[in-house]
Amino acid sequence: MATPALRVESILKGVEKLETEDKLEYRFVPAGTSCVNFKVRAPNDAHIALTSGPEESDPMLEVFIGGWKNTKSVIRKNRTKPDVAEVETPDILNAGEFRGFWIRWLDNVITVGHEGAAAAFLSYENPEPFPIKCVGVCTGWGAAGSWLIEPAKEEAAPTASALTGTVACWIPVSNGEIPPNAVVGGSDGEDLYIGRAQHEGALIPGKVVRSHGVCYVAWGGVENPKAEYEVLCDFGGVFVPGTGSEIPATAVPAGETEEGEPLFIGRVNHEGTVTVGKVQPSHGVCYIPYGGQELSFAEYEIFVSP
């Protein structure tokens with residue numbers, strides 16, 4: 001008999017909210033192309049399963065965050081001990097606040113990191129790789145949990161366009177690093193990549209300039225360089241004309257203001273460049289970081305899902 005162990009509802013910014021009970025019972029959602037970004041609020045034992053189907057069956061990898069009374073985190077293969085990777089992570093989870101994480105699978109390597117951090121704190125190279133199509137989440141060992149997961153979108157039958165991906169995947173990097181399959185959003189004597197970074201309590205889309213080693217984001221009237229940032233990868237979106245506060249239904253949410261307003265990816269042709277920035281609906285403009293300033297434009301292009 002089905003149990004109400006998991007409640008899923010759509011909320012702002014396309015994120016899904018999941019509530020898990022103290023049951024160690026996985027509930028599954030579709031996986032993205034090569035990563036999953038999520039936040040979890042739990043006192044201990046946030047478990048994530050990576051599988052080929054929506055069930056617990058081998059082959060399977062599990063990531064236990066804050067296990068053993070919130071003292072360590074591990075990766076387990078095929079539900080069998082010993083664990084294949086382990087690290088001490090005291091107080092990594094908190095029952096009173098959401099903590100953000102990412103899990104990436106690329107070239108047979110599984111990595112786990114904190115939201116906004118470029119470096120992983122847990123990794124494992126799997127000698128027996130398998131296609132990861134589903135992500136499961138659960139809590140247990142005395143813990144219930146609340147989850148905010150950036151979900152995969154339903155895809156049609158595979159086509160050539162599917163090769164570039166239809167699920168937004170943000171890869172944390174730093175100091176000019178550009179991950180494989182990064183999405184180019186503009187140009188200024190070199191490719192400008194679509195990035196985002198934390199700044200003054202906001203998560204802001206902007207431009208990654210490899211030669212400068214930073215992602216620039218527009219905020220507070222100035223162009224702010226950020227050495228740690230995330231890059232959009234494996235995504236087949238397109239830019240379409242936009243104006244004012246008219247946001248297309250398929251626009252890709254990429255961040256939020258310090259007040260929680262969604263921000264979208266935009267770009268503007270300016271002084272011979274194509275510069276990536278943020279579309280803020282309540283202001284009716286696209287802001288770009290350029291020449292040390294934050295410049296606003298009511299006419300712009302906005303990034304949408306294919």
Side-chain angles (χ1 to χ4, degrees), residues 1-9 11 15-32 35-105 109-117 119-126 130 132-152 170 172:
M1 182 177 69
T3 65
L6 178 68
R7 179 170 59 87
V8 181
E9 60 179 298
I11 61 173
V15 173
E16 295 205 341
K17 181 178 180 180
L18 301 86
E19 304 288 341
T20 52
E21 297 179 5
D22 177 15
K23 282 195 171 183
L24 288 177
E25 182 177 300
Y26 282 113
R27 293 296 184 267
F28 291 87
V29 297
C35 71
V36 61
N37 300 296
F38 62 94
K39 299 176 189 289
V40 60
R41 182 176 60 202
N44 54 272
D45 284 278
H47 294 195
I48 304 94
L50 306 177
T51 62
S52 293
E55 59 188 3
E56 292 186 50
S57 61
D58 298 343
M60 173 178 175
L61 289 170
E62 295 175 279
V63 178
F64 301 162
I65 297 177
W68 292 266
K69 299 182 180 180
N70 204 20
T71 64
K72 69 178 180 179
S73 301
V74 307
I75 297 176
R76 183 170 295 175
K77 183 176 180 179
N78 295 337
R79 296 170 288 180
T80 302
K81 295 182 180 180
D83 298 315
V84 295
E86 177 180 322
V87 65
E88 298 295 320
T89 54
D91 300 321
I92 192 171
L93 297 178
N94 189 292
E97 67 180 30
F98 281 98
R99 299 282 175 88
F101 301 93
W102 50 263
I103 300 175
R104 174 170 39 163
W105 48 96
V109 177
I110 309 297
T111 50
V112 185
H114 294 278
E115 177 186 46
F121 64 81
L122 187 62
S123 64
Y124 169 62
E125 184 171 1
N126 188 10
F130 59 91
I132 295 172
K133 301 296 184 183
C134 293
V135 174
V137 297
C138 73
T139 41
W141 298 104
S146 298
W147 304 73
L148 299 174
I149 300 180
E150 295 184 18
W170 296 93

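Taken to the nearest 0.5 Å, the CG atom of L93 stands 6.5 Å off from the CD1 atom of I65. Atoms OH and OG1, from Y26 and T20 in turn, are 10.5 Å apart once rounded to the nearest 0.5 Å. Rounding to the nearest 0.5 Å places CG of D83 at 4.0 Å from CZ of R76.
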- prompt: Can you check side chain to side chain contact (heavy atoms under 4.5 Å, CB included) on K77 and N126, steps first, answer last?
  reply: CA-CA 9 Å; K77 183 176 180 179; N126 188 10; 3.0 Å; yes
Requested in this report: Starting from the C-alpha separation in whole Å, work towards a yes-or-no answer on side chain to side chain contact (heavy atoms under 4.5 Å, CB included) for S73 and I92.
Outcome: CA-CA 9 Å; S73 301; I92 192 171; 4.2 Å; yes
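Side-chain N or O atoms of T139 include one that pairs as donor or acceptor with a backbone N or O of E21 at under 3.5 Å. Put simply, the side chain of T71 never gets that close to the backbone of K69: no donor and acceptor are under 3.5 Å apart.
Ring planes of W147 and F38: tilted class, angle from 30 to 60°.
No hydrogens or angles considered: nothing links the side chains of T111 and S123 as a donor-acceptor pair under 3.5 Å.
Using a cutoff of 4.0 Å between basic side-chain nitrogens and carboxylate oxygens, E62 and R79 are not scored as salt-bridged. The pair E97-R41 does not count as a salt bridge, with every side-chain nitrogen at least 4.0 angstrom from each carboxylate oxygen.
The number of heavy atoms from other shown groups lying within 6.0 Å of CH2 (W141) does not exceed 12.
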